[in-house]
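Before any comments, here is the structure.
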Amino acid sequence: MTKKRYTVTSALPYANGPLHIGHIAGAYLPADIYVRYRKSKQDDVLFVCGSDEHGAAITLRAKKEGLSPQEIVDTYHQLNKQSFADFGINFDIYYRTSDPLHHQTAKEFFEVLHEKGVFTETVSQQFFDEEHKQFLADRYIVGTCPKCGNDNAYGDQCEKCGSALSPNELINPKSTLSGNEPVMKETKHWYLPMQEHEDWLRDWIENGVFNGKQRHNPKHWRSQVIGQCKSWIDGGLRERAMTRDLDWGVKVPIEGADGKVLYVWLDAPIGYISATKQWALDNNKNWQDYWQNDAELIHFIGKDNIVFHAIIFPIILKAHGDFVLPTNVPANEFLNLEGQKLSTSRNWAIWLHDYLKDFEGQQDVLRYALCSTAPESKDTDFAWADFQTRNNSELVGIFGNFINRVVVLTNKYWDGHIPAKGNLTSYDEEVLAELSNCADKVGQLIENYKLREALSGVINLARLGNKYLADTEPWKLKKTDEKRTQTILNIALQIAAHLSVFSEPFLPFTAHKLSDMLNIEQGRWDKVKELQSGHKINGANLLFTKIEDEVIDQQLSKLKA
RNA sequence: GGCGAGGUAGCUCAGUUGGUUAGAGCGUCGGAUUCAUAACCCGGAGGCCGAGAGUUCAAAUCUCUCCCUCGCUACCA
């Protein structure tokens, strides 16, 4: 029997800007935790991501800055790739959609769909900017809202009154590129008639059944994901253009399609596949193993991406054939910052590359804070004061302190040699039972994408350790009962060893520091090795340090600047 | 506007096949302790579960109406 394979993806970051904590909390950290857990169990898991480098937004940004689109994406691809690596997000490959292999893959994909007659071709009238010689997405047209009179309504929506618009409803429409009035021009595009896929989609979303087979349990999908998909399907799916008039992207590989590229939302998810191909080439693997048969495909995304990953991409995969559909799409809600929505334009954000600079060596503190307040079921808030408290009272006070106590005592009493375990009390037995349960308990939570609860299961193990020491008071017994003292510290050290394994998906830097302190190899999730008596551990080395008020004040004033 | 997801302790959040006194962490108040980064451990206080109505022996949980937040609304990505 072949081993089950897992393909985990995180949404491809759009390469026109840096990453902030909202991105991290939504799509990257949860995926990384999940993948590290699977790897710790020695599951066959592949974690892919990369830069999404096409689309009109990048060409516009390039124009505005007087650079080429390639220069823009090169800059942010490098920056983001480096930030992820420094933060410990351990992709097996961080790819980019400008890569030739991706262009080839995406073109082939489109060709197959085209040959199968999946698309319909439609000619329509669209707004065109004559100065920039470019068709305009609704978003790039502004004008006066016919409903509320707002002068800055977009072609698709008026942000003032909230009404959905179409660009020809706007009074005095203007191109945001040139400021000129756009003209109507004819253009042909290839559309995906999604309405033809409603029946099987509904069965798949509601029941987890695909091609007559039970593929997943819909109870394990988040309510916001199922809710939004059903809302779309119940409202009736429509056709959606899969091509765009643009010169930056994957060229449409059909005659008569000059000047047209694939819609980025067709292009980008295919990037997951291209990335897998590249990784397979680099590592002498077979990419199909991760996309066919019983492979489990899991997409980590933010809530704004649900429809693309749970409706459009699955339609495309099925229409193409020979692909699995996602087993789950654990979309997160959004993270707010100090009670307000993150905003790139207002610079209301904590940028990952800034954090890494300001808090050198403290990646795990942010990982901990973000996972503790991850927006798994509703929007949540990140506050610097909370970040400080999490660090000072939980990481320093509970986790770091427990480890320090155990390591200091062991060094002080037995020169760092692990003492032997003698007769066990019923309390000892309880603690050891709790330890062996932990792998399954926390593991189940991770497999159900309840990472916050899983993390609190880990920190609770450190709490248990502190309580065990407080209850048994080995520092008192040392003078009167050497044997008992040895048993107690042996058990406390076993807790520490388990912590080095169970904390790894969440706090990888800390976990490795802890393994080093205990002088052991990084252990496996489902087979935590018992520390043997006589084994020599190293001296105490603090896992975390307190964060003072000044540091927090500095960050707060940086935000307001 | 339509649809989806939320609204629970001072704060950040768990909690629905309807069922004893509604949970955790932080904060707060009190106690204990000194191996440890004044850390840890124990205990107390603190909630008309957004508002109102309904179904039921029983509602945070089901139904309806309303208010508030966020998302989607199909060419932003």
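Letters go in sequence order (proteins before strands), and every chain restarts at 1. Keep in mind that this is a model prediction, so the values were computed, not measured.
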Study note, to complete from the structure: Taken in chain and number order and not counting sequence neighbours, the residues that satisfy side-chain contact (heavy atoms from CB on, under 4.5 Å) with F509(A) are Q363(A), D364(A)
Point to revise | Residue list, side-chain contact (heavy atoms from CB on, under 4.5 Å) with H23(A), at least two apart or on another chain | key: L19(A), H20(A), Y28(A)
Practice item. For H299(A) and T9(A), test the side chains for any donor-to-acceptor distance below 3.5 angstrom and give the result as yes or no. Key: yes
Practice item. Could you check S372(A) against A462(A) and say which one's nearest nucleotide on RNA chain B is further toward the 5' end? Key: S372(A)
Would you list the protein and nucleotides 22-29 of chain B atom pairs, both N or O, that sit under 3.5 Å from each other?
from: rG25(B); atom 1: O2'; to: E394(A); atom 2: OE2; distance (Å): 2.6

**Study point:** Watson-Crick/G-U partner (both atom distances under 3.5 Å) of rU20(B)
**Key:** none
**Study point:** Residue N404(A), side-chain heavy atoms: nucleotide from rA77(B), rC35(B), rU37(B) that is nearest
**Key:** rU37(B)
Exercise for review: Using the side chain to side chain donor-acceptor pair (under 3.5 Å) rule, collect all pairs that involve residues 540-549 of chain A, keeping only residues at least two apart or in two chains.
Suggested key: Q388(A)-D549(A)
Practice item. Could I get the full list of side-chain contact (heavy atoms from CB on, under 4.5 Å) partners for N328(A), not counting sequence neighbours? Key: H220(A), W221(A), P330(A), Y449(A)
Practice item. Answer yes or no: are there more than 12 heavy-atom neighbours, outside K63(A) itself, under 6.0 Å from its atom NZ? Key: yes
Practice item. Could you name each residue pair satisfying side chain to side chain donor-acceptor pair (under 3.5 Å) that touches residues 395-407 of chain A, not counting sequence neighbours? Key: R405(A)-N466(A)
Exercise for review: Just compare rA36(B), rA77(B), rA14(B) and give me whichever is closest to any side-chain atom of V264(A).
Suggested key: rA77(B)
**Study point:** Nearest-angstrom distance, C1' atom, rA58(B) to rG43(B)
**Key:** 33 Å
Review point. How far does the C1' atom of rC26(B) sit from the matching atom of rA14(B), given to the nearest Å?
Key: 14 Å
**Study point:** Length of the CD1-P vector between I316(A) and rA74(B), whole Å
**Key:** 18 Å
Check your understanding: What string of B, S and - do you get for nucleotides 59-72 of chain B, 5' to 3', if B is base contact, S is sugar-phosphate-only contact and - is no contact with any protein heavy atom under 4.0 Å?
Key -> -----------BSS
Review point. When rounded to the nearest Å, what value does the distance between C1' atoms of rC67(B) and rA53(B) take?
Key: 15 Å
Practice item. Return the value, rounded to whole Å, for the distance between atom NZ of K546(A) and atom C1' of rA39(B). Key: 7 Å
Point to revise | Separation between the C1' atoms of rG18(B) and rC13(B), rounded to whole Å | key: 24 Å
Check your understanding: In whole Å, what is the span from the CZ atom of F402(A) to the C1' atom of rC41(B)?
Key -> 13 Å
Revision key, fill the gap. Expected list for residues 468-482 of chain A near RNA chain B, using heavy atoms below 4.0 Å, is A470(A), W475(A), K476(A)
Check your understanding: Tell me: CD1 of I311(A) to C1' of rG4(B), nearest whole Å?
Key -> 12 Å
Review point. Nearest to the side chain of A56(A) - rC40(B), rA14(B), rA77(B)?
Key: rA77(B)
Between side-chain atoms of residues 231-242 of chain A and protein atoms elsewhere (two or more places apart, or another chain), which donor-acceptor pairs fall under 3.5 Å?
from: D234(A); atom 1: OD1; to: R202(A); atom 2: NH2; distance (Å): 3.1
from: R240(A); atom 1: NH2; to: Y263(A); atom 2: OH; distance (Å): 3.0

Review point. If we call it a pair only when both distances are under 3.5 Å in a Watson-Crick or G-U wobble match, what pairs with rA9(B)?
Key: none
Practice item. Only pairs at least two apart or in different chains count here, so list each salt bridge (charged side-chain N to carboxylate O under 4.0 Å, His left out) that has a residue in residues 300-309 of chain A. Key: K303(A)-E333(A), K303(A)-D379(A)
Check your understanding: For residues Q224(A) and Q228(A), is any side-chain donor paired with an opposing acceptor at under 3.5 Å?
Key -> no
Check your understanding: C1' atom, rG19(B) versus rG2(B): distance in rounded Å?
Key -> 38 Å
Review point. rU17(B) and rA74(B): how far apart are their P atoms, nearest whole angstrom?
Key: 37 Å
Practice item. Name the residue closer to the 5' end of RNA chain B, choosing between E453(A) and Y413(A) according to the nucleotide with the nearest heavy atom. Key: E453(A)
Review point. Side chains of W384(A) and Q555(A): donor-acceptor distance under 3.5 Å anywhere?
Key: no
Practice item. Provide, to the nearest angstrom, the distance between the CG atom belonging to L445(A) and the C1' atom belonging to rG15(B). Key: 14 Å
Practice item. Scan every strand shown for a Watson-Crick or G-U wobble partner of rA53(B), both distances under 3.5 Å, and answer none if you come up empty. Key: rU63(B)
Practice item. Please give the nucleotide sitting opposite rA58(B) as a Watson-Crick or G-U wobble pair, both distances under 3.5 Å, or none. Key: none
Exercise for review: Assess the side chains of N336(A) and Q340(A): does a donor N or O sit below 3.5 Å from an acceptor N or O?
Suggested key: no
Exercise for review: Using the C1' atoms only, state how far rA60(B) lies from rG6(B), rounded to an integer number of Å.
Suggested key: 14 Å
Check your understanding: Would you call the rings of H309(A) and W265(A) parallel, tilted or perpendicular, where under 30° means parallel and over 60° means perpendicular?
Key -> perpendicular
Review point. For the side chain of Y14(A), counting heavy atoms from C-beta on, which of rA77(B), rA5(B), rA36(B) is nearest?
Key: rA77(B)
**Study point:** Cation-aromatic face contact K478(A)/Y413(A), 6.0 Å, 45 degrees
**Key:** yes
Exercise for review: In whole angstrom, give the distance that lies between atom CG of N401(A) and atom P of rU34(B).
Suggested key: 16 Å
Point to revise | Separation of atom CG in L543(A) from atom C1' in rA36(B), rounded to whole Å | key: 13 Å
Revision key, fill the gap. Here the residues of residues 132-140 of chain A within 4.0 Å heavy-atom distance, strictly under, of RNA chain B are L136(A), A137(A), D138(A), R139(A), Y140(A)
Revision key, fill the gap. The Watson-Crick or G-U wobble partner of rG1(B), with both key distances under 3.5 Å, is rU73(B)
Review point. Starting at CG of L262(A) and ending at P of rA77(B), how long is that distance when rounded to a whole Å?
Key: 13 Å
Point to revise | Contacts of N16(A) that satisfy side-chain contact (heavy atoms from CB on, under 4.5 Å) - sequence neighbours left out | key: Y14(A), A57(A), I58(A), R61(A)
Check your understanding: Strictly by modelled atom types, are N80(A) and Y94(A) linked by a side-chain donor-acceptor pair under 3.5 Å?
Key -> no
Exercise for review: Considering only atom P, compute the distance from rC70(B) to rU8(B) and round it to an integer number of Å.
Suggested key: 15 Å
